[in-house]
Amino acid sequence: MALRSRTCANCGVSVPAGARQCPYCGTWFEGAAADPAARADPGAGEFGLRGRTPLVVGLGGALLLYGLGWLLEDPRYWLADEAVAVWAAALPLWLLLLAFGWRLGRGAWLGGIAFALTLFAVHLAVTWALAGRLQDDHVGIAALFAGAALGGWLLGRGLHLLLRRLRADPGRA
């Protein structure tokens, strides 16, 4: 299984020069199998809290922050400074920290999307209930805060993955 042909001998996929392992099937090439550093644990560099309990507690804190924003909101104006500070700064920061510190594999991105969509729908429903009607400004405001929450979550997950890669392979930094 030499790398001279630039294809994997096991699956035939084109492999970048200098690769130690086929990115498609995972076959190790000559010399790489003998190198213990090349066979790093797939969870190498992983950190953070495990399980659903931290996620449930963290999302509960996010819901409390969201509710606090409604207590500070002025339904005559719809963009009270205190509510905007909670929804556009504190909530995304909380979600960033939660996503950064939570240890989860593949479905981690979906949690933020689901939370943002739920926040968008709830914000619209509460606004509609309080105002008695729904205007385009209300939709825009709800989208703004849902987008800020999603941005915080995605930034936290991105930082988590970046730090994980740096911890797994400190030579890259």
Side-chain angles (χ1 to χ4, degrees), residues 13 16 21-26 40-75 77-170 172-173:
V13 170
Q21 184 181 21
C22 173
Y24 183 74
C25 70
D41 178 22
E46 187 59 84
F47 66 97
L49 302 170
R50 286 181 170 234
R52 295 174 196 236
T53 304
L55 178 66
V56 170
V57 170
L59 289 178
L63 291 174
L64 287 175
L65 276 173
Y66 182 70
L68 174 65
W70 275 113
L71 291 175
L72 299 172
E73 182 61 287
D74 181 6
Y77 177 59
W78 293 112
L79 284 174
D81 293 342
E82 298 84 5
V84 170
V86 169
W87 288 329
L91 182 61
L93 181 62
W94 177 264
L95 291 171
L96 183 145
L97 294 173
L98 176 63
F100 179 75
W102 183 41
R103 180 179 179 176
L104 179 74
R106 297 181 181 174
W109 301 97
L110 296 175
I113 293 170
F115 186 82
L117 288 175
T118 304
L119 187 139
F120 177 73
V122 168
H123 203 89
L124 281 180
V126 171
T127 303
W128 193 354
L130 290 176
R133 64 185 186 282
L134 197 57
Q135 298 175 343
D136 59 344
D137 289 349
H138 300 147
V139 175
I141 291 168
L144 173 76
F145 296 137
L150 179 61
W153 181 270
L154 294 179
L155 184 59
R157 288 312 302 166
L159 291 173
H160 181 96
L161 292 176
L162 176 66
L163 185 60
R164 178 183 172 195
R165 287 184 184 142
L166 291 175
R167 288 170 50 119
D169 189 8
R172 280 191 193 179

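For clarity, every value in this text was computed on a predicted model and none was experimentally measured.
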TODO: Scan Phe145, Trp128, Trp78 and name whichever one has a ring pair (Phe, Tyr, Trp, His ring centres under 6.0 Å) with His123.
DONE: Phe145
Task: Asp81 CG to Glu73 CD distance, which is reported to the nearest 0.5 Å - done: 10.0 Å
Task: Closest contact, heavy atoms only, Arg103 versus His160 - done: CA-CE1, 4.4 Å
Open item on the list: Taking the side chain as everything from C-beta on, heavy atoms only, tell me whether Leu154 gets closer than 4.5 Å to Trp109.
Closed with: yes
Open item on the list: Looking at every heavy atom in both Leu150 and Ala116, which two are closest together, and how far apart are they?
Closed with: CB-CB, 3.7 Å
Open item on the list: Rounded to the nearest 0.5 Å, what separates atom CZ in Arg157 from atom CG in Leu155?
Closed with: 11.5 Å
Task: Shortest non-hydrogen contact between Val139 and Leu124, atoms and distance - done: CA-CD2, 3.6 Å
TODO: Mind listing the closest non-hydrogen atom pair of His138 and Ala131 along with its distance?
DONE: CE1-CB, 4.1 Å
TODO: Quick one: list whatever passes ring pair (Phe, Tyr, Trp, His ring centres under 6.0 Å) with Phe120, sequence neighbours left out.
DONE: none
Open item on the list: Using side-chain contact (heavy atoms from CB on, under 4.5 Å), reason through Thr127 and Trp70 one step at a time and then give a plain yes or no.
Closed with: CA-CA 10 Å; Thr127 303; Trp70 275 113; 3.5 Å; yes
Open item on the list: Is the shortest side-chain heavy-atom distance between Leu163 and Leu159 below 4.5 Å?
Closed with: no
Would you give me the side-chain donor-acceptor pairs under 3.5 Å for residues 84-94, sequence neighbours excluded?
from, atom 1, to, atom 2, distance (Å)
Trp87, NE1, Tyr66, O, 3.1
Trp94, NE1, Gly58, O, 2.7

- [ ] Taking all non-hydrogen atoms of both residues into account, name the closest pair between Leu95 and Ala62 and its distance.
- [x] CD2-CB, 4.0 Å
Task: From Leu59 atom CG to Leu55 atom CG, the distance as rounded to the nearest 0.5 Å - done: 4.5 Å
Task: Contacts of Asp137 that satisfy salt bridge (charged side-chain N to carboxylate O under 4.0 Å, His left out) - sequence neighbours left out - done: none
Task: Side-chain touch Leu98/Phe115, heavy atoms, less than 4.5 angstrom - done: no
